[in-house]
Structure formats: structure tokens, C-alpha cells
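A short worksheet on the structure shown next.
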Amino acid sequence: IENSFAATFAAVRDHFADVIATLFPGGEGRLTLTREEPPEVDEDGEILDEGEDSEPVAAAESPRVERRGIEISVKPPRKAVRSLSLLSGGERSLVAIAFLFAIFLARPAPFYILDEVEAALDDVNIDRLLAMLKRYQTRTQFIIITHQKRTMEVADTLYGVTMGPDGTSKVLSRKMKKDAQQEMADEDDLE
Amino acid sequence: IENSFAATFAAVRDHFADVIATLFPGGEGRLTLTREEPPEVDEDGEILDEGEDSEPVAAAESPRVERRGIEISVKPPRKAVRSLSLLSGGERSLVAIAFLFAIFLARPAPFYILDEVEAALDDVNIDRLLAMLKRYQTRTQFIIITHQKRTMEVADTLYGVTMGPDGTSKVLSRKMKKDAQQEMADEDDLE
Amino acid sequence: MFLKSVKARGFKSFARSVEFAFEPGITVVVGPNGSGKSNISDSVTWAMGEQSPTAVRGNSMQDVIFSGSDKLAPAGMAEVEILLDNSSGAMPIEFSEVLISRRLYRDGDGAYFINKSPCRLIDVTELLSDAGLGRNTHSIISQGKVDAILESKPSERRAYIEEAA
Amino acid sequence: MFLKSVKARGFKSFARSVEFAFEPGITVVVGPNGSGKSNISDSVTWAMGEQSPTAVRGNSMQDVIFSGSDKLAPAGMAEVEILLDNSSGAMPIEFSEVLISRRLYRDGDGAYFINKSPCRLIDVTELLSDAGLGRNTHSIISQGKVDAILESKPSERRAYIEEAA
Ligand SMILES: Nc1ncnc2c1ncn2[C@@H]1O[C@H](COP(=O)(O)OP(=O)(O)OP(=O)(O)O)[C@@H](O)[C@H]1O
Ligand SMILES: Nc1ncnc2c1ncn2[C@@H]1O[C@H](COP(=O)(O)OP(=O)(O)OP(=O)(O)O)[C@@H](O)[C@H]1O
Ligand SMILES: [Mg+2]
Ligand SMILES: [Mg+2]
């Protein structure tokens with residue numbers, strides 16, 4: 001079991017660095033395994049050592065890999081590495097998306113359902129996320145729930161859902177790509 | 001102390017019903033005081049009786065008002081009243097906003113800072129929220145952080161913040177209403 | 001392999017039977033607040049065997065059964081069917097499509113089916129896990145939960161990798 | 001009464017002193033992800049006497065002190081000044097404007113000031129509470145926390161009303 005964890009971790013780690021470089025151009029991301037002993041905790045039970053000072057351990061080196069946790073550290077462009085809690089709302093979304101994409105790239109699942117994952121992102125970062133979805137759409141299926149017009153534009157298929165007069169959900173329409181552009185203009189009726 | 005709690009609760013309760021009627025046209029909202037005894041809890045410690053079955057108690061009736069909690073129940077238009085946890089993301093934002101506005105209307109604070117409170121809302125509901133902000137902007141000051149273009153349009157003053165090449169925040173600009181329309185078109189540079 | 005369709009009946013706001021047919025590639029779902037978009041995602045999570053009511057935003061699992069509206073009486077049962085394309089043979093089953101169904105009745109009775117044959121929950125979860133759809137693959141990101149991974153402790157994040165291993 | 005200005009120096013991403021002058025009515029703040037918008041809201045929460053690091057997204061209160069960037073060394077102190085218009089006399093103090101300042105040094109020493117005179121935390125919180133700005137007025141809604149009120153138990157919601165009473 002250990003070998004496959006170590007191999008998967010190594011693959012996810014490498015992909016994470018790549019995806020962070022794509023989502024934070026000029027930034028860096030790193031996944032490391034925590035030290036062996038249980039982390040120090042403060043009086044609230046919060047882990048004290050999340051962040052820089054855990055020395056990265058090459059997954060293959062230690063036979064006791066099985067109990068190690070995974071630490072995420074990110075350096076946004078031009079900034080210092082800080083605790084994840086100090087990142088902005090949008091930056092946190094991007095880091096979380098990067099982690100999930102790193103796992104996807106190491107071991108793809110047959111489909112992904114993403115429910116308003118880009119709600120905290122500005123337009124530039126929405127475009128970066130959408131570019132990534134388009135790059136990988138031949139490797140897996142993405143079903144995306146959104147209110148963002150930019151996201152609607154990358155749809156191969158667009159579904160409209162609405163609440164009927166009887167208080168139940170109705171499926172309004174399903175447009176293939178070629179009609180979707182035209183319908184986009186009418187999207188405001190759905191919203 | 002009791003009288004002022006009872007009076008404030010009564011005012012907030014009435015305002016809550018009004019604000020819900022504005023944000024959910026055709027819907028109803030109600031604030032009620034919980035019963036005296038502590039709520040039943042299930043094995044996870046979740047309160048079992050949140051919702052319909054707590055009989056509303058007129059604040060003035062009971063001398064033991066001081067230990068009562070406040071229950072929120074909302075009936076979206078055409079739907080039945082359900083537990084708050086079953087409401088949608090946007091509906092939950094609206095109910096929370098209604099509660100906060102109900103308190104504001106009963107006892108206004110000098111200013112409010114709202115950080116992306118409309119992130120989960122569709123365009124129709126963003127417009128309803130903005131209409132409410134405009135209606136009350138002479139009674140208090142609103143400072144709103146957002147990525148939504150619709151929200152930018154209601155600004156009397158628009159501030160731009162950006163991250164400088166040295167990794168620190170810079171205040172880019174501050175436009176008064178009359179120039180804000182023109183700058184809106186250039187907003188994409190900021191984003 | 002991909003998700004070919006989702007059919008829901010009596011599940012949350014889907015009082016009458018609705019069907020979503022999906023294609024490979026990118027499908028986008030839009031609609032007003034409260035129209036039922038996240039309920040689609042919940043229906044798939046539930047059909048895949050989810051046991052925690054809070055994972056589908058309920059206090060008890062019966063909360064997923066359509067509980068009525070101004071015009072309609074509550075339903076007695078919730079049912080969701082998800083159809084997975086298996087033409088690549090990823091799932092160790094000799095069909096080119098796999099239909100996974102789940103039902104829940106008001107009295108708490110539940111049932112699972114694979115290609116319409118009754119089965120146990122463990123049969124569903126094992127079949128899905130073979131296809132890379134285990135509980136921890138996080139292939140379904142619920143609304144507002146995108147940064148949950150950042151809130152979890154380092155040891156909890158390990159489960160993400162173990163599942164994928 | 002309204003918030004006339006916020007000045008921050010060495011506070012989070014505001015390494016050098018920045019000032020925001022606000023008017024009555026509606027002010028909207030925009031900018032890219034990570035540019036420092038929510039840090040403005042945190043700076044006001046902090047200047048008003050906030051004691052919990054998690055309320056300003058830190059693990060310890062020193063996390064609010066600018067901790068350096070690629071080009072700049074960390075700051076030794078964080079300072080925020082908020083100027084409140086008091087021409088309506090809402091605050092029981094004979095000035096037409098009230099400046100509330102807070103400082104924190106790397107060694108953990110902190111200080112509060114009202115109109116530049118040193119004071120205690122309790123002086124700041126009492127003054128604000130007279131003006132309807134107590135801890136529970138929820139006049140500052142942090143990012144992602146809008147529906148926190150729905151997650152709280154009925155007894156916790158009571159504090160919202162008690163504060164306003
Ligand atoms: N058991 C149930 N019976 C009937 N309706 C239900 C049930 N459970 C939830 N609902 C309804 O489903 C609606 C929520 O739907 P959902 O969360 O899917 O909306 P959404 O389209 O995702 O909206 P948003 O854009 O705000 O996130 C609620 O209004 C709720 O009343
Ligand atoms: N002590 C500190 N020193 C330096 N920079 C800090 C400090 N604390 C936080 N930051 C920086 O502040 C940035 C976050 O700013 P903030 O949360 O205000 O962004 P925002 O404009 O609200 O973005 P979003 O639109 O994504 O919500 C982070 O990138 C973080 O690195
Ligand atoms: Mg939703
Ligand atoms: Mg922010």
C-alpha cells in the first residue's frame with residue numbers, strides 16, 4: 001500500500017506545482033509530507049506548525065510514510081509565503097482548485113461536478129480556470145453549475161433549470177454548442 | 001433590560017417580515033422566540049426542533065423572555081416552509097441579509113461594511129439587494145466590496161485597489177459618481 | 001467513461017420525474033436562485049451512496065424526499081438513477097452502461113439497484129471505487145465548499161491521495 | 001455619524017501608509033483577487049478592538065503586521081486609524097470627529113488611542129457601543145460569512161438583538 005501512496009503523492013505533488021504556476025503566473029506551490037511526530041497544538045487544538053518550517057521529506061526516503069499528513073504552501077507572485085488563512089477569498093479558491101486538479105491529473109475520475117467554484121474569482125482568474133477546463137475536457141467530463149456569463153460561454157451543452165409555478169424544479173432547455181451563443185443573449189430571462 | 005429586549009425584538013421581527021417580502025416577492029418570513037426549555041438534540045448535538053413546530057410566543061407575554069433564542073423561518077414564494085439548511089445558496093444569503101437589514105432598520109449603526117455579500121446571488125436578486133441599499137443610503141453609510149459590475153454601478157464613490165510590483169496593496173483611484181460611469185468601461189483593467 | 005444521465009423523482013425539488021442527459025466535454029447548468037441546480041449535484045452524491053444527511057444539506061435523510069409545495073402534496077419516496085457509460089470497461093461489469101439507482105421511502109426504508117437488480121450499498125460503493133469514483137475522489141464539489149480542503153488538517157488531506165492511489 | 005477615513009500602515013498588505021477617505025452614501029471597493037480589499041475591512045474590525053486573530057483571518061494577532069514581500073522587509077508594527085464623524089453628537093465626547101487608533105508591535109505590545117491620547121481597550125469599546133457599533137451589531141460582514149447568522153443557534157442569535165437593544 002505504501003508504494004502506491006508514495007507514487008501517487010509524488011505525481012500529485014508535481015502536478016500541483018504545475019497547476020499553481022498556471023493559475024498564479026509567477027507564483028509557486030508545494031505539497032510536502034509533515035514530520036513524523038504529531039504536530040504541536042495550541043490551547044484550541046489548532047496545529048501550530050502549518051507552513052514553512054516543516055522540512056520537506058522526499059516521499060521515498062522514509063518507511064514510516066503511512067502516517068504523514070499533507071501540507072500545502074503557496075507563494076503568490078511577488079508576495080512571501082504565508083499561512084493559508086491569510087490568503088484572499090479568491091486566492092484560497094484557486095489553491096483549492098489547484099489541489100483538486102493535481103489529483104485529477106494524477107488519477108482522473110470519470111466526471112466532475114463543480115458547483116459555483118468560481119464565485120470568489122475575478123474575471124482574469126475565471127478565464128484562467130476556464131482555460132484549464134477547456135484543456136482537460138477531452139480527458140474527463142465537467143458539469144458546472146454557475147451564474148457567471150463567462151463560464152456559460154465555454155459550454156458544449158447548456159442546461160436551464162427554473163422553478164415552476166407549482167414550486168417544483170423544471171428543466172427548461174438544453175442547447176448544444178452551436179445554438180448556445182444565440183441563447184446567451186437571452187440568458188437574462190433565466191436569471 | 002427585559003423591556004428593551006422585548007421592544008427591540010418586536011421591531012426587528014416586524015422589519016424582518018417586510019424585508020423578506022421585498023427580497024422574496026410573494027414569500028413570507030418570521031422571527032419567533034423559542035420555547036423555554038432547552039431544545040432536544042440528536043446524537044450529533046444538532047437541534048431537532050428548529051423550524052415549524054415551535055409555537056410563536058408574543059414577546060410581551062412571558063416574563064421569562066430573557067433566556068429565549070430566536071428562530072428564523074422563511075417560506076419562499078410557491079414553496080413550503082423548510083429547514084434553513086435546505087434553502088439554496090442564494091436564498092440563504094438573502095435570508096441572512098434580511099435579518100441584518102431588519103436589525104439595521106430597528107437600530108441603525110453609523111456604517112456597514114459588506115464584503116462580497118452578493119457573491120451567491122443571481123442578477124435579479126442582486127438588483128433587489130441594490131434597490132434596498134439605495135433606498136436606505138440616506139440613513140447610513142454602506143461600504144461594499146465586490147466583483148459584480150451591477151454593484152459598481154450604484155456607487156457614489158468607487159475605489160480601486162491593486163497589488164503593486166513590490167507585493168503591497170496600492171490604492172489606485174477614487175472616482176466620484178459623475179466620472180464613475182466612464183471609468184466603469186475601463187474597470188476590466190482593474191480586474 | 002462518463003455520466004450519461006441523471007433521473008430524479010420525488011427527490012428534493014424534483015417532484016415529478018426529470019431527466020438530464022449529459023455529454024462528454026463541458027456541460028454548464030444555469031438558472032435563478034432556488035431553482036434546483038445544486039439539488040442536481042445532491043442527487044448524484046446521494047445516488048452514489050452518501051450516508052450523511054448534512055452532505056446533502058438535510059437534518060435527516062428523509063429531508064431529500066419532496067416535502068410538498070403550495071400546490072402539491074409531499075411525495076412518499078425519493079428515487080435517483082444515474083447512468084454511467086462503461087464502454088471503456090473501467091467498471092468490472094460486462095455491461096456497456098451501468099445504471100445505479102437509489103430509493104428512500106418516508107418510513108426510512110431504502111434500496112439500491114445496479115442495472116435494476118437490487119443490491120447492497122457496499123456493492124454500489126465498490127463498483128464506483130473501481131471506476132475511480134470513491135468517496136474521497138472529490139469529484140463533486142458542493143456549493144460553497146471549494147476551499148474545504150484548505151480548512152482540513154494535513155492528516156485529513158492524506159485521504160484524498162490514498163483514495164486516488 | 002459615518003466613517004470618514006481609514007488609515008493603515010504596516011497592517012497586512014498595506015506596508016506603506018494608505019488612506020481611504022469615505023463619504024456618506026454608497027462607496028464601492030473593487031480590485032483583483034488578492035489586492036487587499038478584505039484587508040481594509042479587517043483593518044476596521046481590528047481598530048475597533050477585535051481580540052480574536054481568526055476574526056481577521058490570522059493564527060496569531062501578529063499575523064496582521066506586514067510580514068514582508070519579495071522586495072520589502074517585514075514591518076515592526078501595524079497601525080490603523082479610523083476617523084468617525086461625530087457632528088451629530090452620537091458619541092458622548094465633545095469633539096466633532098473621533099479618531100480611534102490601534103497599534104501592535106512584533107513583541108506583542110499593543111496600544112489604543114482616542115484622538116491621539118492613549119487609552120485602554122475598554123474605553124474604545126464603550127465609546128463605540130454608545131455609537132451603535134458594538135461587537136454584535138454586525139455592521140461588518142466579512143467575506144464568505146454572510147450566512148453565518150443562519151448557522152448559529154437560536155440562543156446565539158439573541159445576542160444580535162440584545163446588542164441593538
Ligand atoms: N425535500 C424537499 N422538497 C421540496 N423542495 C425542496 C426539498 N429540499 C430542498 N428543496 C428546495 O430546493 C430549493 C433549493 O434548490 P437548490 O439549492 O438546488 O437551488 P440552486 O438552483 O442551487 O440555487 P442557488 O443559485 O441559490 O444556489 C429550495 O428552495 C428548497 O425549498
Ligand atoms: N501580514 C501580512 N503581510 C503581508 N501581506 C499580507 C499579510 N496578511 C495578508 N496579506 C496578504 O493580503 C492578501 C489578501 O488580501 P485580501 O484578502 O484583502 O484580498 P482581496 O482583495 O479581498 O481579494 P479577493 O477578491 O480574492 O477576496 C494575501 O495575498 C496576503 O498575502
Ligand atoms: Mg446552488
Ligand atoms: Mg476578499
Side chain, backbone, both or neither: which part of D:Ala148 has a non-hydrogen atom closer than 4.5 Å to chain B? neither
Under a 4.5 Å heavy-atom cut-off, does chain B meet the side chain of D:Phe20, its backbone, both or neither? both
D:Ser38 and side chain to side chain contact (heavy atoms under 4.5 Å, CB included): which partner among B:Asp115, B:Val161, B:Ile113? B:Asp115
Mind listing the closest non-hydrogen atom pair of [X] and [Y] along with its distance?
X        : Y       : answer
D:Arg157 : B:Glu71 : NH1-CA, 3.8 Å
B:Pro165 : D:Lys71 : O-NZ, 3.9 Å
B:Ser169 : D:Gly36 : OG-CA, 3.5 Å

At a heavy-atom separation under 4.5 Å, does [X] approach chain D through its side chain, its backbone, both, or neither?
X        : value
B:Thr140 : backbone
B:Ala109 : both
B:Leu100 : side chain

Set of ring pair (Phe, Tyr, Trp, His ring centres under 6.0 Å) partners for B:Phe104, sequence neighbours left out: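 Checked B:Phe104 against ring pair (Phe, Tyr, Trp, His ring centres under 6.0 Å); matches are B:Phe101, B:Tyr112, B:Tyr136.
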Any D:Pro32 side-chain heavy atom under 4.5 Å of B:Thr162 side chain: yes
Once you round to the nearest 0.5 Å, how far does [atom1] of [X] lie from [atom2] of [Y]?
X       : Y        : atom1 : atom2 : answer
D:Thr27 : B:Arg174 : OG1   : CZ    : 7.5 Å
B:Thr34 : D:Lys153 : OG1   : NZ    : 12.5 Å
B:Leu87 : D:Asp147 : CG    : CG    : 10.0 Å

So that I know where these two stand, are D:Tyr160 and B:Phe99 an aromatic pair - ring centroids less than 6.0 Å apart?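 So the answer is yes for these two rings.
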Contact leader toward chain D among B:Val117, B:Leu31, B:Thr151, B:Leu133, where contacts are heavy-atom pairs under 4.5 Å: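 The residue among B:Val117, B:Leu31, B:Thr151, B:Leu133 with the greatest pair count is B:Val117.
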Salt-bridged, B:Arg92 to D:Glu151, with N to O below 4.0 Å? yes
For chain B, which residues of residues 85-105 of chain D have heavy atoms nearer than 4.5 angstrom: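 Within residues 85-105 of chain D, no residue comes under 4.5 Å of chain B, counting heavy atoms only.
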